[in-house]
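For the single chain, residues carry numbers from 1 onward in sequence order.
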Amino acid sequence: MAPPLRLAALLLVIVAVFASSARADLVISRADRKVDLTSHIVRVLSSLKVENAGSEPASKVLVAFPNIQAKNLAAIRAFGTEGKVKGLSSVLPIEVVEPSGAPPELTFFSVSLHKPLEKGRILHLDVLTVFTHSLQPFPEEITQADSQLVVFQDSSYYLSPYPVKVQTLSIRLPGGRVELYTKHANTKLVDSELKYGPFEDLPPFSYNPIIVHFENNNPFAVAKELIREIEISHWGNVQITEHYTIVHGGARLKGEFSRLDYQSRPYVRGVSSFRHLIAKLPPRAHSIYYRDEIGNISTSHLWSDSKKTQLEIEPRFPLFGGWQTTFTVGYGLPLQDFVFSSDGRRYLNITFGSPVEEILIEKLIVKVVLPEGSKDIDVSAPFPTKQWQEVKYSHLDIAGRPVIVLEKPDVIPEHNLHFQVYYKFSNISLLIEPMMLITGFFLLFVACIAYMHTDMSISKNSPSYLAKLQWDEVQATIQQIQGIFDQCLAVDDKLETSLHDLSRTGDTKSCKAARKAADAQFKELAKELKPLLTSVQSSPQSYQIWPKVEELVVKEREMQEKLMARHSTVVDSFEKKLRGQDIENRIASQQQKIAALRQEVESLLEYLSEI
């Protein structure tokens with residue numbers, strides 16, 4: 001915890017240096033501050049009764065904050081009304097200023113009045129300030145069963161550059177136990193409200209440090225980044241897609257997490273966690289979905305009526321301090337509820353922030369996707385934002401859709417105000433995509449009709465058709481040649497069989513008869529082969545395979561001659577009654593040659609079969 005006494009000592013010096021330069025003609029006759037600590041976003045409403053005790057009219061009122069608080073200031077608004085009795089207030093412009101002689105340890109804001117406050121007149125001024133990261137977890141790490149304790153530091157006195165006659169401070173707590181709080185003379189704790197004061201006649205820049213250490217188990221939902229895409233379709237829909245990266249910004253969980261203990265006693269063994277968020281969507285939201293990287297999350301709940309649509313978002317697991325999850329929420333809205341026309345221009349009027357309750361967004365990116373063809377684009381936002389333009393391509397887009405991107409850090413629910421995006425868009429542009437579809441289908445049908453009425457067959461007089469016929473003839477002839485050579489090989493096998501029978505029976509007459517029959521068959525096959533060879537040789541399509549056919553004929557004839565010679569040698573040897581070993585020696589060389597030729601013939605036939 002930062003020691004607040006150091007700030008108090010510093011402010012004593014500030015009073016001496018700056019009091020003389022501060023406008024002493026303004027006096028705060030009463031200051032009532034109400035601090036709301038029920039959430040992790042701290043809201044302070046300061047109700048001031050300002051009186052002009054000087055002689056000159058005052059057109060500005062200064063509001064001061066220590067830098068340690070100002071760095072966490074997310075929003076500040078001022079409302080004022082003049083008169084002895086507080087009436088209907090109006091919004092007053094407010095801006096950061098640096099008064100002459102102001103110390104660097106303080107941040108000043110100047111509230112501009114609609115009209116100067118005359119001498120003796122009274123201004124009722126309400127200043128709403130919203131702070132983030134002002135509640136510090138203490139201890140910073142807790143177990144699953146521990147409650148979350150946080151520390152809040154402030155001053156029981158209203159820090160003002162003007163004297164304050166009477167002031168009070170009221171701090172609203174979320175309930176639960178209060179570990180400790182700074183006690184002064186006028187301090188009391190009633191239920192969940194801590195009150196300080198009244199304090200009277202305090203000089204400018206009075207500061208009295210206080211510390212409140214209390215239990216706060218409300219969801220500390222912090223969106224590290226939220227990308228909110230708003231896509232306009234003039235066919236009747238505004239599509240919203242929100243990508244969340246949520247983290248629990250409270251005390252970090254230490255030790256192990258027990259799912260069993262959590263499910264059995266979630267309000268005891270997980271009191272510091274949160275397991276759901278509430279998003280308040282526009283009344284007529286439709287087509288709502290909630291999913292993450294895995295897919296659709298079915299644990300969400302939706303309630304809808306004529307006034308509101310409420311979505312309960314429940315992540316896949318409870319979030320403890322330091323835990324993080326990502327998910328996407330999407331829904332559609334009626335176009336006529338959010339897009340309007342004025343002075344020849346259209347404009348989108350929609351809220352800027354997230355519909356999720358009590359969420360702090362550290363980085364918010366809003367993307368407004370306009371229809372293709374939009375021009376003269378202008379943005380009106382109720383607060384400063386970083387802006388640039390992109391282009392998004394979708395179905396049937398040609399030039400792409402213009403995208404207006406707005407970025408703002410530290411966005412809180414108070415920033416969920418309406419902003420406007422103005423643009424010009426012609427209704428004729430709505431017809432571009434339908435005409436593209438109609439034209440595409442029309443051309444497709446024309447192409448189909450043309451295809452159905454076009455003769456795609458090859459002409460019988462064309463060279464390619466004639467070449468195809470010639471090649472078919474060559475293939476048929478090659479198949480016939482293969483059949484003849486297969487028959488020749490079968491005759492060769494019969495000769496071999498006759499020789500085996502001769503070695504077994506010694507009947508030379510039967511062997512000679514087999515040779516005579518084989519010789520007749522060879523001659524008959526040669527006659528059938530001759531015209532086929534002539535046909536292949538004369539065809540222009542056979543120039544690649546003719547050498548192989550010619551080689552096949554030569555090899556087969558040589559093999560026939562070798563077979564006949566071997567057959568004659570074996571028969572003659574049997575007639576001379578030679579021994580078996582002598583016969584084998586006489587035909588050994590012939591046998592090797594015949595085997596080699598047989599292998600070459602079969603290889604050539606296989607080659608022709610592949611062709």
Open item on the list: Are there over 12 heavy-atom neighbours, none belonging to Glu141, within less than 6.0 Å of that residue's CD?
Closed with: yes
- Is the CD atom of Glu256 crowded by more than 12 outside heavy atoms at less than 6.0 Å? no
Steps toward salt bridge (charged side-chain N to carboxylate O under 4.0 Å, His left out) verdict (Glu293, Arg316): CA-CA 11 Å; Glu293 294 179 352; Arg316 295 185 184 273; over 6 Å; no
Checking side-chain polar atoms at under 3.5 Å, does His286 have a donor or acceptor matched by the opposite partner on Asn237?
yes
Q) Any chance CG of Asp305 has more than 12 other-residue heavy atoms, nucleotides or ligands included, within less than 6.0 Å? A) yes
- Message: Would you say that more than 12 heavy atoms from the other residues, nucleotides or ligands in this model lie under 6.0 Å from the CZ of Arg401, or not?
- Response: yes
Note to self: Between Ser354 and Tyr244, is there a side-chain donor-acceptor contact under 3.5 Å, judged purely by atom types and distance?
What the structure shows: yes
For this session: For Ser147 and Glu215, test the side chains for any donor-to-acceptor distance below 3.5 angstrom and give the result as yes or no.
Result: yes
- Item | Geometric class of the Phe257/Trp323 ring pair [parallel <30°, tilted 30-60°, perpendicular >60°] | perpendicular
Within 45 degrees of the ring normal and closer than 6.0 Å to the centroid, is that where the cationic atom of Lys408 sits relative to Phe383?
yes
- [ ] Would you check if there is a donor-acceptor pair between the side chains of Asn349 and Gln420 at a distance under 3.5 Å?
- [x] yes
Of all heavy-atom pairs linking Gln336 and Arg284, the shortest is NE2-NH2, 3.6 Å
Interatomic distance, CD@Glu312 vs CD1@Ile278, rounded to 0.5 Å, equals 4.5 Å
**Message:** Looking only at the side chains, is there a donor atom on one of Thr132 and Asn72 sitting less than 3.5 Å from an acceptor on the other?
**Reply:** no
